[in-house]
Amino acid sequence: MRESGSTTVRAMTWARRRRAFSRVWRELRHDRPGFIGLLLLSGFGLFALSAPLIADRSSLLAASGRNNPDLAAPSSKFLLGTDEIGRDVLAQLVWGSRVSLFIGLLATVVAVVIGSLVGLAAGYAKGKISAVLLAIDDFFLVVPFLPLAIVLAVILGRSPTTLAIVIGFTSWAGSARLIRAQVLTLSERAYVERARALGAGSWHVIVRHVLPGVAPLIIANATLIVPTAILTESTLSFLGFGDRLSPSWGKLLDGAQSSGSITINAWWYFLPPGLCIIGIVLAFTLLGRALERIFDPRLKGR
Amino acid sequence: MSRRALGFIATGALGFGLLAAGLATNASAQDKLVFSVGVTQDIDSLNVTVGYLVIDFEIWNLTLPSLTDRSAEDFSTLPSMAESWTASDDGLTWRYKLREGLKWSDGEPMTADDVVYTITRAVADGWINHRSDLANITATAIDSRTVQVVSAVPDPKLPYLGSYILPKHVYEKISTEEMPNYLADDNVSGGPFQIVERKEGEFVRLARNPNWHGKKPTIDEVVFRMYETAEAQFNALKAGDLDAIDDVPVKLFASVAAGEVENIIGLAGNQGSFSELAINSGCAKGIGDGHVALKDRKVRQAINWAIDRQLLVDKILSGFGVPAVSLIPSANPAFDMKISADEAYSYDPAKANALLDEAGWKDSNNDGVRDKDGVELKLRYYDRSTAGATATTPFLTGWLKDVGIATDVKTFDEDSLIAEQSKSEFDLYTWGWTPYVDPDNMLSYFTTSQVPTDPDVGGYNDANWCNDEFDALYLKQNSELDPTKRAELIQQMHEIFFDEAPYAVLYKYDNLQAFRSDRWQNFTRQPSDVGPVLFSQSSPVYRDLEPVGTRGGSSGTNTMIIVIVALVVAGGVLVALANRRKEDPDDRQ
Amino acid sequence: MARDPLLVCDDVHVAYPPRRRGGKPARAVDGIDLEISKGEIVALVGESGCGKTTFARAILGLQEVSAGSIVFDGKSFPATADDRKSFHRRAQIVFQDPTASLNPRHSVYEIVAEGLRIHGLSDNEHEVVTRALERCGLHPADRYLSKYPHELSGGQRQRVVIAGAMVLEPKLLVADEPVSSLDASVRGEILGLLQTLAREQEMAVLVVTHDLGLAWNIADRIAVMYLGRIVEIGATEELLARPKHPYTQALLSVVLEHLGMVQQILVGEMPDPTAIPSGCRFHQRCPLLQSGEAKKLGIDSRCTAEDPVLRSDNDGSSVACHATESPTRVAC
Amino acid sequence: MTTPVLQVSDLHVTYHAHSGAVPAVRGVDIEISRGETLGLAGESGCGKSTLAMALLRLVPPTTQITGSILLAGKDILTMKPGELRAVRWVQASVVFQGAQHVLNPVRSIGRQIDEATETHGRTRAGGVAELLELVGLGARRANDYPHELSGGQKQRALIAMALACDPMLIIADEPTTALDVMIQAQILQLLDEIKRERGLSMLFITHDLSVLSQIADRVAIMYAGRVIEVGAGKDLLRDSKHPYSKALAASFPIIGENTSRRHPQGLAGDPPSPIDLPSGCPFHPRCAVAVDQCRSIDIELRSVGNATNRRVACVHFGVRDG
Amino acid sequence: MSRRYLLKKVIGALLTLSGVVVFNFFLFRIIDRDPLAKYRGRSKLTLEQRETMIRRMGLEGSKWDQFVVYVKSVFRLDFGRSFDSTQPVLGEITARLPATLFLVGVSTLLTICIGLYIGTKAGWRRGSRFDRTSTSAAMVLYSTPEFFFGMLLLAFVAGRTGWFPTGGLRSVGANYGFVGNLLDRIHHLVLPVLTLTLGYLGSYALIMRTSMIETLGEDYLVTARAKGLRDSEVMSRHAVPNALLPSVSLIAISCGFVIGGAITTETVFSYPGLGLATANAIRNNDLPMLQALFLFASAAVILFNLVADFVYALLDPRVRRAE
């Protein structure tokens with residue numbers, strides 16, 4: 001009896017998740033900007049995955065352009081031409097997409113984890129803890145983000161991982177505030193009150209009511225942090241604080257700029273990474289905004 | 001349309017108006033003949049006791065006098081402050097006779113006192129830029145126009161004495177303690193130009209010094225303008241904002257050299273500047289904590305064999321330079337090492353591997369990195385954050401990895417890197433030198449006496465390398481007055497340096513400079529035909545430059561057109577916005 | 001008079017801390033005495049802002065009591081977490097808005113079973129849930145188990161809320177405006193359900209409402225609240241037939257036009273609980289004072305100076321008004 | 001007879017939501033004569049508010065409105081935007097439910113009231129002050145902002161605003177909902193006084209039948225987008241004919257009446273959703289006296305007995321429409 | 001305006017600022033940088049000289065002592081001497097401040113005016129062609145790193161046409177008189193301002209549009225229409241003032257990003273302001289300079305947020321007239 005009960009519950013939970021997912025999917029499919037974002041994103045995802053098929057990793061090595069002309073225009077051999085030391089731009093672009101995405105996503109994970117924890121705690125806890133967390137959040141909200149990220153990058157080093165952590169560490173404040181606000185509204189909800197009246201402890205309330213309630217918001221918010229993280233990465237790399245040995249898109253722009261490619265119109269060197277940054281940021285932004293529209297509790301009720 | 005919307009439009013129109021007005025100022029109403037030079041390096045310090053960048057030297061060359069000058073053609077010694085000189089028989093004592101009526105730019109007389117004061121204080125306080133020239137020298141004033149210089153040892157450099165002479169009446173007020181912080185903003189000049197305006201990080205403007213004793217330059221003013229990127233600087237040259245630029249990115253220079261850019265010529269000058277990978281050789285008399293493996297000559301040689309210098313020249317210099325294997329001690333190529341191509345270091349990873357194996361560094365744990373007695377061959381590799389300085393790093397680290405040497409790359413600002421070097425706490429680091437004309441300086445840097453022994457004092461021996469034989473040879477050439485014999489001694493020093501390999505000298509690079517050929521002519525190179533125009537040893541070009549025809553003119557008309565276009569656009573936008581109101585559907589029922 | 005008092009509230013106060021430094025606390029509940037017996041339905045009637053919801057939440061421990069005591073089932077209010085948990089098994093609350101009370105992400109089954117899970121009563125969960133739903137008028141329960149709140153009508157949602165409370169078989173149910181957000185035609189059904197449950201389970205119900213009609217529908221006793229205090233309490237028929245407190249009278253008059261009562265529309269609005277008037281808290285709006293009646297009775301000065309206490313009358317009702325304390329009827 | 005102030009015939013209002021067309025109002029005829037108050041009652045979703053908003057075409061632009069709405073003889077539905085704007089607030093104004101954000105939170109009460117007169121060039125001699133005094137707020141409230149007023153005061157301000165251009169018809173859309181009984185009584189009293197003093201006509205929309213007994217001359221009850229019963233106020237509330245009206249009336253108990261004591265009454269089932277209306281009479285699934293016919297025929301309003309103004313839409317009542 | 005609100009905001013800003021001051025101290029103590037690197041190997045400093053310098057830099061004693069010295073000097077606006085130029089930091093900063101203020105000020109003003117105008121219009125006419133076009137454009141602008149705009153402008157406008165200077169703050173050595181010099185400055189400012197404006201225009205327009213759309217659902221717009229107001233009046237009197245409220249806070253928060261934008265823009269255009277100084281200070285590990293720049297930047301953001309709070313209060317009577 002009991003087992004059958006819990007099986008049904010589990011089945012029901014899964015059915016609900018499936019349904020929730022298919023609802024989101026359905027709504028997303030009908031949300032044109034969001035769907036375009038998703039398509040763009042899948043395109044970039046495939047692009048990043050296909051890196052080994054397009055170019056060998058060794059073509060990223062400095063010496064790999066040994067026998068190639070420098071800054072050669074696109075040709076059948078080099079679809080996007082070569083850079084100033086004769087390396088295939090396409091190879092760097094495709095492997096760079098991995099670096100940019102990796103940094104963007106890892107930074108987002110860091111930001112979302114910190115942001116969610118702080119947001120949840122600040123929203124749920126009362127009194128001094130909440131005040132202290134809020135003050136910290138306020139602080140990170142006003143501290144100028146780029147200088148702080150640069151300084152931290154200088155301190156912690158330049159590997160993609162540390163860069164991602166730095167970016168994540170400096171960009172959680174907004175989501176913490178957002179999540180806190182949502183937690184506050186959620187804990188005012190009558191069903192949370194009801195759970196408390198049923199004798200529920202904080203743990204139950206957080207796990208059963210608050211977390212599932214903020215999860216969609218966290219997802220939507222995360223989708224919107226990725227593009228800022230990618231932009232930050234490209235800015236840091238462009239300013240020369242990126243990892244020199246990882247060909248991220250920002251690094252490519254830095255290379256293009258310092259080698260004078262813009263002036264001699266080697267468009268194949270600076271336009272592709274620039275457009276890729278715009279494209280991926282646009283993709284995540286479109287998707288994130290669509291998810292926000294879909295998940296937004298204010299719009300849901302109407 | 002509501003008042004608010006009008007407010008928006010008004011603000012927009014104001015913006016447009018300002019932009020248009022801004023455009024109108026491009027017209028230059030300059031009647032002075034100004035030569036604008038773009039540089040990507042900001043001035044380090046105009047204080048001759050602390051500055052060390054080439055831009056600092058360029059400005060000192062223009063503002064500070066010296067007893068003798070160098071010819072533009074072949075660096076031969078020319079009179080400057082001194083109109084003549086005589087030597088004692090032993091060649092140790094020299095008397096310089098100063099020109100008559102020398103004056104500083106502020107009108108104070110320039111006398112033997114100034115010379116003696118400068119030399120004496122420079123020796124006493126150990127000023128870096130005077131140190132090597134004056135190491136063994138004492139000076140006394142015989143009268144106000146005669147200076148007697150005594151060298152403790154025979155000095156092949158004399159009678160050339162190019163040390164900058166400072167105005168005593170200014171510098172005697174500055175204590176030794178205050179000296180490092182002195183801004184050198186006195187603007188008292190004894191050279192052809194004097195500083196008239198300086199905005200840090202922006203520009204330095206120099207005007208002709210009326211009290212200059214030499215040839216009167218044609219140009220009225222020289223402006224050095226700082227740019228953050230070489231690209232922006234190049235664009236400024238193209239746009240006509242600048243007349244000359246240094247440090248043209250190689251690819252841009254290639255296009256200029258190919259004649260693809262109108263009105264601009266490129267001159268690739270060589271004065272022996274080279275880049276190297278310094279290897280901490282762990283001199284027993286020095287301090288520091290270099291990797292144990294690097295104390296082994298074979299390992300250092302292996303590093304030299306692992307590097308493809310020709311590829312660096314092709315890719316990083318686009319061919320504007322040549323591979324190098326030993327020190328370039330002088331701007332004069334006559335002092336370069338003489339070595340046959342098959343003996344010189346070349347790209348031979350097999351040889352590098354063999355040498356490393358021989359030295360006992362083998363990859364016993366198969367992690368791709370060689371090791372010995374439990375120590376991994378993993379080296380701290382430091383480079384500079386200076387723009388462009390890091391280009392070689394991916395190449396070098398890649399090649400080192402190929403032969404089983406791991407690297408841990410860290411980037412420093414130049415000051416911090418020098419601090420690390422002063423402590424000799426590094427394994428490998430990249431740096432570059434631009435040698436003087438006389439090889440003595442460059443050679444002196446690798447004597448034991450220049451090995452850092454106190455981090456606060458440091459030393460030029462940045463490979464932390466010492467060799468008694470080299471030291472002995474150095475002292476010999478230092479007092480060898482016969483040029484042929486001296487050249488032989490230097491060649492012997494080269495051989496030791498080559499074999500000991502404290503450096504992996506990478507290449508000798510050209511200074512890539514570009515000029516407005518439609519505006520200027522007479523680009524004096526030093527030395528003639530091969531040397532650079534800007535940032536040369538004694539900067540003669542500024543005295544020789546001549547304008548081509550008349551300047552300016554075209555930008556004015558351009559600007560007028562733009563002003564009109566901008567006004568029309570602004571007007572159009574206003575009208576369109578105003579009309580919009582009528583098109584608005586009245587209500588949204 | 002109460003047989004087996006299940007809940008005894010003695011001089012309960014709830015004060016919200018001042019919004020800003022130097023401000024006054026809001027005395028939302030300002031000294032309430034109330035007893036509720038097993039199986040009894042008591043209606044707590046008052047206008048919004050009178051503190052009735054705060055009081056209801058205080059009974060359930062959802063709001064901290066600043067003074068006074070609440071004794072439930074012979075025990076004073078639990079201090080430890082375990083005690084509180086077991087207390088919550090026996091006292092439940094139903095909120096005004098069923099839509100808000102249901103987590104939109106949980107199915108009906110999960111909602112109803114939530115209480116059981118919190119208290120670790122997972123034996124026969126499915127059966128208990130089904131029974132609770134059916135008892136609350138949702139049958140066959142199977143049809144509703146896997147539905148989500150948005151798939152239900154307002155009335156059904158409120159039934160689910162009640163079922164969620166009933167699975168724990170509470171002894172006391174506090175219903176805070178249980179039907180005010182529902183359509184009129186659905187209201188009766190829900191009230192009927194509450195009445196039936198109270199009767200069948202011997203469950204005490206405290207209905208918090210602003211609606212005297214609702215009280216007439218189901219309550220055994222009515223307590224009228226004004227500005228944090230009960231001003232009159234008594235058996236439903238008695239109180240509604242012969243209201244004694246001028247506030248109760250006015251309240252009744254505005255809903256009972258057709259019984260021929262003259263409308264006594266009070267002027268102004270109820271004051272803020274941060275600024276409770278001195279003397280009788282109702283005196284500023286009291287028709288007795290305004291019409292001069294109080295002066296005739298000679299109590300006008302007491303009305304403005306002395307806070308009247310709730311005095312039991314011999315008919316079982318209690319009133320807090322100086323005008324009802326005739327010298328011949330001193331409280332026993 | 002003079003022309004009615006408002007005459008609505010065969011009004012259909014269909015708005016478009018994501019889920020498709022929603023027929024919120026399906027063929028409504030109502031009429032209000034001068035000085036008369038018509039009470040329009042019904043539960044949530046019955047279309048009463050849509051009807052009210054449609055009267056001045058205050059519905060979203062995509063909404064489809066057919067039929068005719070004659071306001072003082074002129075059809076609102078055929079007016080050009082300019083004409084419509086000139087009619088709004090001058091001939092008919094709206095008293096919204098004050099609890100919601102119907103007042104702009106960042107503009108003072110005075111300016112919001114002024115705005116109406118200014119727009120229509122009808123500056124009043126007494127200005128805003130007079131209006132505010134009239135509704136019992138006091139002239140100095142003009143400088144206050146909505147958040148500084150209580151619910152009852154906001155409602156008074158809205159009434160003052162509605163009176164600003166001296167309209168002949170006031171559409172009161174749930175003006176007392178969410179107010180406490182005592183305040184509700186105050187507002188009703190105020191509306192009643194104003195209406196009498198100025199001879200205004202009023203359409204009073206509410207879900208609370210008991211309110212209508214105080215203020216309405218006639219009452220129309222709506223169910224699923226239709227009017228299902230019309231009649232004089234008190235008659236209709238005491239003696240409803242339509243089974244739905246009956247049940248609705250019964251769910252507002254009369255205190256002191258023993259039938260409702262310990263016996264709350266209501267209707268099983270829920271009001272139908274306008275997107276998914278049952279066939280025939282939309283009430284039949286909840287109706288205790290439904291017959292087969294009810295499932296197929298959606299019956300029109302018909303007169304009952306000899307009372308000319310009593311009309312019911314139910315097969316059990318009325319024979320012929322005269 | 002309520003004094004309490006003002007006071008609360010000012011105190012909050014001061015608290016955050018003091019947080020920054022403390023954070024600043026520790027942040028820059030983590031960087032291991034030899035303060036005397038500049039002097040090593042160049043000039044012989046006696047032990048005494050070295051100690052004097054260390055003391056002047058406030059690098060003596062325990063961390064706590066250093067902290068006290070640091071806080072005291074911050075109050076005196078004494079940020080020590082730059083490791084790089086060896087000059088007092090405050091002077092270096094004040095010399096560059098006007099350039100950046102000019103750049104950021106003008107572009108922020110333009111961004112706010114144009115962005116809000118576009119956002120308002122797009123939101124009000126949601127779904128219209130204007131909305132679709134402007135929103136798409138805003139999305140693309142939002143997605144583009146501002147330095148990429150700078151690069152493109154430099155390459156295609158300045159480099160190709162020569163209409164605008166490619167960098168710097170002013171023409172060197174020329175004196176056109178007061179008005180002429182001002183115009184010369186503006187001429188140099190055009191491209192950097194355009195870059196920074198384009199970089200942030202998108203996000204401002206999107207913020208305002210969202211805010212407008214949220215306002216569209218409000219009941220008071222129905223009230224305003226019912227009163228017979230024109231559509232444009234409903235928008236300007238009722239929708240915009242309310243939609244501005246959330247935008248004010250969001251724009252204030254995004255001000256921090258503009259400071260980042262100033263760094264890249266000034267770098268691209270060699271515009272010698274604080275942004276460029278920051279980039280250089282970081283490259284040179286010039287800690288005293290960085291520390292002060294960081295403090296200034298934070299103070300600027302805090303100040304901007306404070307101003308935004310005041311603007312908010314001015315716009316919103318609920319805050320302005322709260323007790």
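In what follows, every heavy atom counts, from backbone to side chain, and hydrogens, waters and symmetry copies are set aside.
- E/Ser298 has its side chain out of reach of A/Val142: every pair of non-hydrogen atoms, C-beta onward, lies at least 4.5 Å apart.
- Only the side chain of A/Leu152 comes within contact range of chain E, with at least one heavy atom under 4.5 Å from a heavy atom of that chain.
- Heavy-atom neighbours of A/Phe44 CZ from other residues, nucleotides or ligands within 6.0 Å: above the threshold of 12.
- In this structure, chain A has heavy atoms under 4.5 Å from both the backbone and the side chain of E/Tyr142.
- With sequence neighbours excluded, the residues that form a side-chain hydrogen bond (donor to acceptor under 3.5 Å, both in side chains) with A/Tyr269 are A/Glu84.
- Here the CG atom belonging to A/Leu141 is positioned 10.0 Å from the OG1 atom belonging to E/Thr16, to the nearest 0.5 angstrom.
- Using cut-offs of 30° and 60° for the angle between ring planes, the E/Phe147 and A/Phe238 rings count as parallel.
- Listed options A/Thr285, A/Leu286, A/Leu271 were ranked by heavy-atom pairs under 4.5 angstrom with chain E; first place goes to A/Thr285.
- Summarising the geometry, atom CG belonging to A/Leu275 is positioned 11.5 Å from atom OG belonging to E/Ser143; distances are rounded to the nearest 0.5 Å.
- Of the two parts of A/Pro147, the backbone and the side chain both hold a non-hydrogen atom closer than 4.5 Å to a non-hydrogen atom of chain E.
- The environment of A/Ile129 atom CD1 is sparse: at most 12 non-hydrogen atoms of other residues, nucleotides or ligands sit within 6.0 angstrom.
- Taking CG of E/Leu15 as the start and CG of A/Asp138 as the end, the distance is 10.0 Å to the nearest 0.5 Å.
- Annotation: side chain of E/Leu290 is in contact with side chain of A/Val151 (closest heavy-atom distance under 4.5 Å).
- The line from CD1 of E/Ile259 to CG of A/Leu148 is 12.5 Å long, rounded to the nearest 0.5 Å.
- Using a 4.5 Å cut-off between heavy atoms, A/Ile280 does not touch chain E at all.
- When each of A/Ile277, A/Thr235, A/Thr232, A/Val143 is scored by its heavy-atom pairs under 4.5 Å with chain E, the top score falls to A/Thr235.
- How far CG of E/Leu152 is from CH2 of A/Trp267: 14.5 Å, rounded to the nearest 0.5 Å.
- Ranked by heavy-atom pairs under 4.5 Å with chain A, the first of E/Ala279, E/Gly261, E/Ala297, E/Gly275 is E/Ala297.
- Separation of atoms CE (E/Met139) and CG (A/Leu282) is listed at 5.5 Å; rounding is to 0.5 Å.
- Counting heavy-atom pairs under 4.5 Å between each of E/Leu206, E/Val258, E/Thr135 and chain A puts E/Leu206 at the top.
- Counting heavy atoms from C-beta outward, A/Leu253 and E/Phe148 have side chains that approach closer than 4.5 Å.
- Of the atoms belonging to E/Thr210, it is side-chain heavy atoms, and not backbone ones, that fall under 4.5 Å from chain A.
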When you look at E/Thr264 and A/Leu239, which way does the side chain to side chain contact (heavy atoms under 4.5 Å, CB included) test go after all the steps? CA-CA 7 Å; E/Thr264 53; A/Leu239 288 173; 4.0 Å; yes

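- Contacts of A/Phe270 with chain E are made by both backbone and side-chain atoms, with heavy-atom separations under 4.5 Å.
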